[in-house]
Asks: 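Got a structure for you, questions after.
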There are 2 protein chains.
Amino acid sequence: MKNKEIQEQRMRGYFLDATKEMVRAEGLKSLSVRSIADKAGYSYATMYSYFKDVNDLVFLCVQDFYEECRQQVTDQTKKKERGLKRLKAMVRAYADFFVQYPGIFELFFLERMGNFKESDVINLSLDRICEEEWNYCAAKGIIRAEEIEGMKARTRYTIFGLLLMYLNRRAPSSYTEFLHLFNAQLDTILENSRPEQSSTTVNNSLISIKVGNNK
Amino acid sequence: MKNKEIQEQRMRGYFLDATKEMVRAEGLKSLSVRSIADKAGYSYATMYSYFKDVNDLVFLCVQDFYEECRQQVTDQTKKKERGLKRLKAMVRAYADFFVQYPGIFELFFLERMGNFKESDVINLSLDRICEEEWNYCAAKGIIRAEEIEGMKARTRYTIFGLLLMYLNRRAPSSYTEFLHLFNAQLDTILENSRPEQSSTTVNNSLISIKVGNNK
DNA sequence: TTTTAATATTTAACAATGTTAAATATATTT
DNA sequence: AAATATATTTAACATTGTTAAATATTAAAA
């Protein structure tokens with residue numbers, strides 16, 4: 001029967017949507033089987049007819065959130081001049097996504113999830129979202145090819161560390177300070193990409209990105 | 001009465017020690033009021049006579065763990081040649097402390113704790129533990145004074161990001177790979193400290209740190 | 001269309017958790 | 001030794017995830 005599958009998929013959607021909305025709004029702490037089922041309009045036990053357990057349900061949100069993140073980064077940066085400028089803007093938009101939804105950061109990076117296959121979606125999310133622009137920079141000779149992997153890694157760990165401290169430890173305490181740190185860090189990582197260009201120039205171009213459009 | 005205070009302090013110690021041992025061995029997931037009380041040799045409700053709640057108890061471990069970390073870093077690096085070598089070894093020892101006790105990393109960086117005063121103990125732990133060596137490098141002209149703060153920040157966020165991914169997301173999957181990443185990252189951060197020195201030399205000296213003494 | 005079988009959903013129940021209040025045991029004072 | 005204060009434990013409650021039994025709903029058969 002095809003109807004069965006359609007209905008089953010719809011039911012899963014109700015629970016998934018409820019879960020995603022709660023993670024977006026309140027983070028993982030607000031999640032419980034009962035609160036999710038409430039929002040979905042069913043009794044708590046119904047969830048177990050469509051998901052193995054609550055972890056199963058929550059982890060299924062990861063893929064959707066990843067795509068939402070990718071979409072938002074793409075939308076926010078498609079008008080930027082290609083190359084380092086867009087690359088920086090993309091990393092910035094990636095970070096801003098998690099600033100906007102700390103609950104998704106919690107799910108992606110703080111929650112313990114036992115080696116499940118979607119782990120790579122998270123671990124490689126930044127690299128994958130920016131991959132095309134890294135390649136562009138390499139192709140245009142903006143960044144030396146042999147430096148790309150190292151720069152990716154530096155960007156990755158710096159951004160994850162920065163987000164961890166800002167979102168989970170309130171250090172720095174304001175978004176403005178966070179942005180200054182972000183700019184300084186990313187600037188340093190990318191400034192040596194074109195040795196013939198003065199680092200000051202790159203520096204200024206980055207700082208000129210407008211500040212404070214997050215609540 | 002002084003006896004009262006001594007006994008109270010002792011009681012607190014029993015619960016604190018039980019908690020610390022469990023965090024070290026199994027992480028936060030193994031903690032419960034009942035399991036802590038069991039290990040301490042008392043009933044679960046007794047805890048509430050000495051601590052406000054279980055969070056109070058757990059957060060009191062932070063200061064002790066910080067001092068343990070500092071001690072371990074100091075012990076493991078006191079024979080290293082002062083300057084960049086020791087600085088790198090200290091950051092390495094700091095990271096290794098959390099590799100050795102992932103539960104303490106969980107408590108320090110992953111657990112949500114509402115703005116309590118000990119937050120700075122965590123946020124500034126790496127900087128404080130290494131402070132003297134940074135100062136030494138500045139005083140000896142190994143690192144330019146105006147670059148110190150930037151380098152501290154880069155080191156901080158890189159190490160936190162790296163630990164987050166390695167301990168909480170199993171990326172990379174082996175300690176050896178983790179070490180390679182660690183070396184490459186720290187090397188890049190510190191390599192420009194002495195522009196007259198070839199980066200290759202610094203590179204080799206760092207990679208020569210022995211590998212694989214963690215389980 | 002009515003009865004029966006399959007399926008979907010909910011309610012009841014259990015074990016584990018943090019926490020508080022009542023009960024009991026222990027120590028201190030008179 | 002009795003009375004009182006203190007320390008500790010047991011009982012109880014609310015909340016959590018989960019499973020099994022009960023009920024309601026839908027589909028199939030008559």
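When reading the values below, keep in mind they use all heavy atoms of this one structure, side chains included, and skip hydrogens, waters and symmetry mates. Just so it is clear: chains get the letters A, B, ... in the order the sequence lines come, proteins before strands, and each one is counted from 1.
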Asks: Can I get a per-line list of side-chain donor-acceptor pairs under 3.5 Å for residues 9-19 of chain A, giving both atom names and the distance, sequence neighbours left out?
Replies:
unit_1	atom_1	unit_2	atom_2	d
Thr19(A)	OG1	Phe15(A)	O	2.7

Asks: Rounded to whole Å, please give me the gap between CG in Asp38(A) and P in dT11(C).
Replies: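 Those two atoms, CG and P, are 11 Å apart.
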
Asks: Find the distance Asp56(A):CG to dG17(D):P and express it as a whole number of Å.
Replies: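 Rounding to the nearest Å, CG of Asp56(A) and P of dG17(D) are 14 Å apart.
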
Asks: Regarding Ser125(A) and Tyr94(A), do their side chains bring together a donor and an acceptor under 3.5 Å, going by distance alone?
Replies: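 Short answer, yes.
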
Asks: Using OP1 and OP2 only, check whether a side-chain N or O of Thr46(A) sits under 4.0 Å from dT10(C).
Replies: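 Checking dT10(C) against Thr46(A), a side-chain N or O does come within under 4.0 Å of OP1 or OP2.
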
Asks: Would you mind telling me which of Val121(B), Leu124(B), Ile104(B) makes a side chain to side chain contact (heavy atoms under 4.5 Å, CB included) with Tyr66(B)?
Replies: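 Among Val121(B), Leu124(B), Ile104(B), the one that satisfies the side chain to side chain contact (heavy atoms under 4.5 Å, CB included) with Tyr66(B) is Val121(B).
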
Asks: Give the minimum heavy-atom separation between Leu167(A) and Arg112(B), together with the two atoms involved.
Replies: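 What the structure gives for the nearest pair is O-NH1, 4.1 Å.
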
Asks: Heavy atoms, side chains only, cut-off 4.5 Å: are Val99(B) and Leu163(B) in contact?
Replies: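 Contact flag for Val99(B)/Leu163(B) side chains = yes.
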
Asks: Take atom CG of Leu28(B) and atom P of dG18(C), then tell me their distance rounded to the nearest Å.
Replies: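 Atom-to-atom, Leu28(B) to dG18(C), this comes out as 12 Å.
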
Asks: Would you please say whether a donor-acceptor pair under 3.5 Å links the side chains of Gln71(A) and Asp75(A)?
Replies: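 Their side chains do contain a donor-acceptor pair, which is all the 3.5 Å distance test asks for.
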
Asks: Looking only at atom types and distance, does a side-chain atom of Ser30(B) sit under 3.5 Å from a main-chain N or O of Gly27(B), one as donor and one as acceptor?
Replies: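 Confirmed, Ser30(B) side chain pairs with Gly27(B) backbone.
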
Asks: How many Å lie between OH on Tyr42(A) and C1' on dT7(C), as a whole number?
Replies: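 Checked: the OH to C1' distance equals 14 Å.
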
Asks: For residues 146-174 of chain A, pull every pair meeting ring pair (Phe, Tyr, Trp, His ring centres under 6.0 Å), keeping only residues two or more places apart or in separate chains.
Replies: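 Residue pairs passing ring pair (Phe, Tyr, Trp, His ring centres under 6.0 Å), neighbours aside: Phe109(A)-Phe160(A), Tyr166(A)-Phe178(A).
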
Asks: Select base, sugar-phosphate, or nothing to describe what Ser49(A) touches, counting heavy atoms under 4.0 Å on all strands.
Replies: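 Touches a base.
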
Asks: Taking the ring of Phe105(A) and the ring of Tyr101(A), is the distance between their centroids below 6.0 Å?
Replies: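 When the ring centroids of Tyr101(A) and Phe105(A) are compared, they turn out to be at least 6.0 Å apart.
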
Asks: Without decimals, in angstroms, what is the distance between Leu31(B) CG and dG18(C) P?
Replies: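 Distance, rounded to whole Å: 9 Å.
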
Asks: Scan residues 6-17 of chain A against DNA chain C and write down, sorted by residue number, each residue with any heavy atom closer than 4.0 Å; if none is found, say none.
Replies: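 Nucleic-acid contacts, sorted: Met11(A).
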
Asks: Near DNA chain C, under 4.0 Å by heavy atom, which residues of residues 19-26 of chain A?
Replies: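 Within residues 19-26 of chain A, no residue comes under 4.0 Å of DNA chain C.
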
Asks: Quick one, give me the B/S/- string for nucleotides 19-24 of chain C, reading 5' to 3', where B means a protein heavy atom under 4.0 Å from the base and S means that only happens at the primed atoms, P, OP1 or OP2.
Replies: BBB---

Asks: Rounded to whole angstrom units, what separation is found between the OH atom of Tyr50(B) and the C1' atom of dT8(D)?
Replies: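 Taking OH of Tyr50(B) and C1' of dT8(D), I get 8 Å after rounding.
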
Asks: Is it the case that the side chains of Tyr48(B) and Asp56(B) hold a donor-acceptor pair, with the cut-off being a distance below 3.5 Å and no angle test?
Replies: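 Per modelled atom types, Asp56(B) and Tyr48(B) side chains form no pair under 3.5 Å.
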
Asks: Which pairs would a plain distance check flag for residues 36-43 of chain A, meaning a side-chain donor or acceptor within less than 3.5 Å of a matching protein atom at least two apart in sequence or in another chain?
Replies:
unit_1	atom_1	unit_2	atom_2	d
Lys39(A)	NZ	Glu21(A)	OE2	3.3

